K.L.:
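Dumping the structure here so I can ask a few things about it.
Sequence lines set the chain letters: A, B, ... in the order given, protein chains first and strands last, and positions in each chain run from 1. Keep in mind that what you see is a predicted model, and the values were worked out from it rather than measured.
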Amino acid sequence: MPELPEVETIARSLRSGGVGGRNDLSIPGRRVKSASVLWDRTIAQPQPVEFEKRLVGQTVGEVGRRGKFLTIHFDRDILLVHLRMSGDLRVEPDEIQLNQTHDRVLVSFEDGIRLAFNDTRKFGRMWLTDQPEKVLGNLGLEPFDPTLDAEAFHQQISRHRRQLKPLLLDQSFLAGLGNIYTDEALHLARLHPLVIASRLNFEQSSRLLQAIRQVLSEGIQRNGASIDWVYRGGEFQNVFRVYQRTGQACPVCGTFINRMVVGQRGTHYCPVCQSLEQPAAQRQEGAHG
DNA sequence: CATCAACCCTGAGAGC
DNA sequence: TGCTCTCAGGGTTGAT
């Protein structure tokens, strides 16, 4: 399931033409010849027929990412793509036969290259709009936003009397974390998924912010995680600490990893490293800068 | 404000 | 072998 690192990896490959940097398959500068929607519900906005018409003639500009959304700028509109569970984008020459069972949207460029949106479970969505804020407006800060320092993060997290796991999954709190990186970050920060956010002290929330950034950085460095049907060369799955490692040894202490359901999501954690009870010896390193 | 469940989907894996 | 059942998961929606 694509989260921030996977979406970032895809954005980079659309810009540079593949993870390896093949310029012949990058999309900026290409002009749309035609578009076809193969599964109507993939298009959230506008109507599929208008989507197809409006894209024709527009040229790709900047390709970026906001949270888990891909932002593909065109002359007049921005194409927003959310991959949800199983979405994937391919850039390939028209000659390659469309033998893919689950292609949902095709965008053909004038120079014989096309962009294909493939999505097994049909949860992915696209918006073609000149008002991207209407779609992205509720997103929280980017985890790497430079204005998000330890103080700001602690202030934010103190406002919520929710459990950490659902809070971190809430895209209006922080944009980009999904189930994998949330579990990984909580383990790295040695925090139990059910801890109430507002009860974190400064040292704990700082640790959490740092852990979030570290696991996301690791994910990006490894081109994301490749699991389920979506394989795109990522390798982060090889270094999962807790995610989908139920019953296996915690890399830190060797205890068996537990699994429970939190907010309808499978949640993996080490019962020893991430104890709900704060260790009695926990120091109060309160006097921060 | 927070929690919970249903919904959208498919295919993998279990059980029979 | 092949059928049926359960489950996973991001985000939205509506109820409590």
Side-chain angles (χ1 to χ4, degrees), chain A residues 1-10 37-45 48 65-71 80-89 100-105 117-127 129 132 134-140 142-143 155-186 193-200 212 216 219 224-232 234 236-237 240 242-247 257-269:
Chain A
M1 58 245 42
E3 304 177 26
L4 189 153
E6 289 76 29
V7 179
E8 178 66 26
T9 300
I10 292 172
V37 176
L38 308 176
W39 179 255
D40 280 358
R41 299 191 63 172
T42 298
I43 309 301
Q45 186 194 325
R65 178 193 60 74
R66 174 76 174 99
K68 300 180 199 171
F69 288 82
L70 279 162
T71 58
L80 302 172
V81 183
H82 200 303
L83 304 167
R84 292 280 178 91
M85 300 302 303
S86 58
D88 196 13
L89 286 169
Q100 304 282 337
T101 331
H102 305 301
D103 285 347
R104 308 302 179 195
V105 177
F117 178 64
N118 188 277
D119 183 22
T120 305
R121 292 191 177 169
K122 299 178 175 175
F123 285 175
R125 291 290 179 268
M126 289 187 175
W127 296 254
T129 177
K134 290 199 172 169
V135 181
L136 307 176
N138 288 330
L139 291 180
E142 285 292 316
Q155 209 169 14
Q156 286 287 332
I157 213 163
S158 300
R159 287 209 196 105
H160 298 273
R161 216 167 296 163
R162 296 176 72 180
Q163 297 165 333
L164 282 180
K165 165 104 182 197
L167 179 63
L168 294 179
L169 287 175
D170 187 336
Q171 301 299 296
S172 68
F173 176 71
L174 203 60
L177 288 176
N179 214 31
I180 297 175
Y181 292 90
T182 298
D183 281 3
E184 294 294 309
L186 286 171
L194 297 184
V195 165
I196 301 301
S198 58
R199 295 180 60 179
L200 290 192
I212 289 167
L216 291 176
S226 310
I227 60 173
D228 290 350
W229 303 264
V230 191
Y231 181 75
R232 57 179 78 79
F236 188 63
Q237 71 280 5
F240 284 162
V242 287
Y243 186 75
Q244 284 186 349
R245 295 194 63 247
T246 310
I257 299 301
N258 271 6
R259 181 184 187 276
M260 62 180 172
V261 174
V262 183
Q264 298 175 289
R265 295 288 173 266
T267 298
H268 315 76
Y269 68 104

K.L.:
Taking all non-hydrogen atoms of both residues, which atom of A:His160 and which atom of A:Gln156 are closest, and how far apart?
P.N.:
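Taking every non-hydrogen atom into account, CD2-O, 3.3 Å.
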K.L.:
For A:Phe123 and C:dG11, say yes or no: do the ring centres fall under 5.5 Å of each other while the ring planes differ by less than 30°?
P.N.:
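By the stated criterion, A:Phe123 and C:dG11 do not stack.
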K.L.:
In whole angstrom, give the distance that lies between atom CZ of A:Arg121 and atom P of B:dT10.
P.N.:
10 Å
K.L.:
Expressed as a whole number of angstroms, how long is the span from A:Leu168:CG to C:dG10:C1'?
P.N.:
15 Å
K.L.:
What is the distance from CG of A:Asn179 to P of C:dA8, rounded to the nearest Å?
P.N.:
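Interatomic distance, CG of A:Asn179 to P of C:dA8: 10 Å.
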K.L.:
Applying ring pair (Phe, Tyr, Trp, His ring centres under 6.0 Å), name anything that partners A:Phe236, two or more places apart in sequence or on another chain.
P.N.:
A:Tyr181, A:Phe240
K.L.:
Take the protein atom CH2 of A:Trp127 and the nucleotide atom P of C:dG10, then report the distance between them rounded to whole Å.
P.N.:
15 Å
K.L.:
Can you tell me if the side-chain N/O atoms of A:Tyr243 get under 4.0 Å from OP1 or OP2 in C:dA8?
P.N.:
no
K.L.:
Check if the side chain of A:Arg125 and the base of C:dG10 share a donor-acceptor pair of N or O atoms closer than 3.5 Å.
P.N.:
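Answer is no: no donor-acceptor pair is held.
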K.L.:
By nearest heavy atom, map A:Gly266 and A:Val135 onto DNA chain C; which one lands nearer the 5' end?
P.N.:
A:Gly266
K.L.:
Can you give me the closest heavy-atom contact between A:Ala197 and A:Leu167, atom names plus distance?
P.N.:
CB-CD2, 3.5 Å
K.L.:
Side-chain donor or acceptor of A:Arg84 under 3.5 Å from a matching atom on the base of C:dG9?
P.N.:
no
K.L.:
Tell me: CD of A:Glu6 to C1' of C:dG10, nearest whole Å?
P.N.:
13 Å
K.L.:
Less than 4.0 angstrom from a charged side-chain N to a carboxylate O is my criterion; do A:Arg66 and A:Glu142 meet it?
P.N.:
yes
K.L.:
Pick one: which of A:Phe123, A:Trp127, A:Phe69 meets ring pair (Phe, Tyr, Trp, His ring centres under 6.0 Å) with A:His82?
P.N.:
A:Phe69
K.L.:
Counting heavy atoms from C-beta on, name the nucleotide in B:dC9, C:dG11, B:dT10 closest to the side chain of A:Arg41.
P.N.:
B:dC9
K.L.:
Given A:Lys165, which of A:Asp170, A:Leu177, A:Thr267 fulfils the side chain to side chain contact (heavy atoms under 4.5 Å, CB included) condition?
P.N.:
A:Thr267
K.L.:
Between B:dT10 and A:Lys122, is there an OP1 or OP2 to side-chain N/O distance shorter than 4.0 Å?
P.N.:
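Affirmative; the distance criterion is met.
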K.L.:
Would you please confirm or rule out a distance under 4.0 Å between OP1 or OP2 of C:dG11 and any side-chain N or O of A:His82?
P.N.:
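So the side chain of A:His82 is within the cut-off, an N or O lying under 4.0 Å from OP1 or OP2 of C:dG11.
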K.L.:
I'd like to check the side chain to side chain contact (heavy atoms under 4.5 Å, CB included) partners of A:Arg104; sequence neighbours left out, ordered by chain and number.
P.N.:
A:Trp39, A:Thr42, A:His102, A:Phe117, A:Asp119, A:Lys122
K.L.:
In whole angstrom, what separates A:Asp119's CG from B:dG11's P?
P.N.:
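Between P of B:dG11 and CG of A:Asp119: 11 Å.
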K.L.:
Rounded to the nearest angstrom, tell me the gap between atom CG in A:Leu139 and atom P in C:dT12.
P.N.:
9 Å
K.L.:
In whole angstrom, what separates A:Arg104's CZ from B:dT10's C1'?
P.N.:
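Result: 9 Å.
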K.L.:
Looking only at non-hydrogen atoms, find the nearest pair between A:Val7 and A:Pro2 and report the distance.
P.N.:
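In terms of heavy atoms, the two residues are closest at CG2-CB, 4.2 Å.
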K.L.:
Looking at the side chain of A:Gln171, which of C:dG10, C:dG9, C:dG11 is the nearest nucleotide?
P.N.:
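The answer is C:dG11.
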K.L.:
For a quick test of reading the model: is some side-chain N or O of A:His102 closer than 4.0 Å to OP1 or OP2 of B:dC9?
P.N.:
no
K.L.:
Report, as a single string ordered 5' to 3', how protein heavy atoms within less than 4.0 Å touch nucleotides 1-6 of chain B: B base, S sugar-phosphate only, - not at all.
P.N.:
-SS-BB
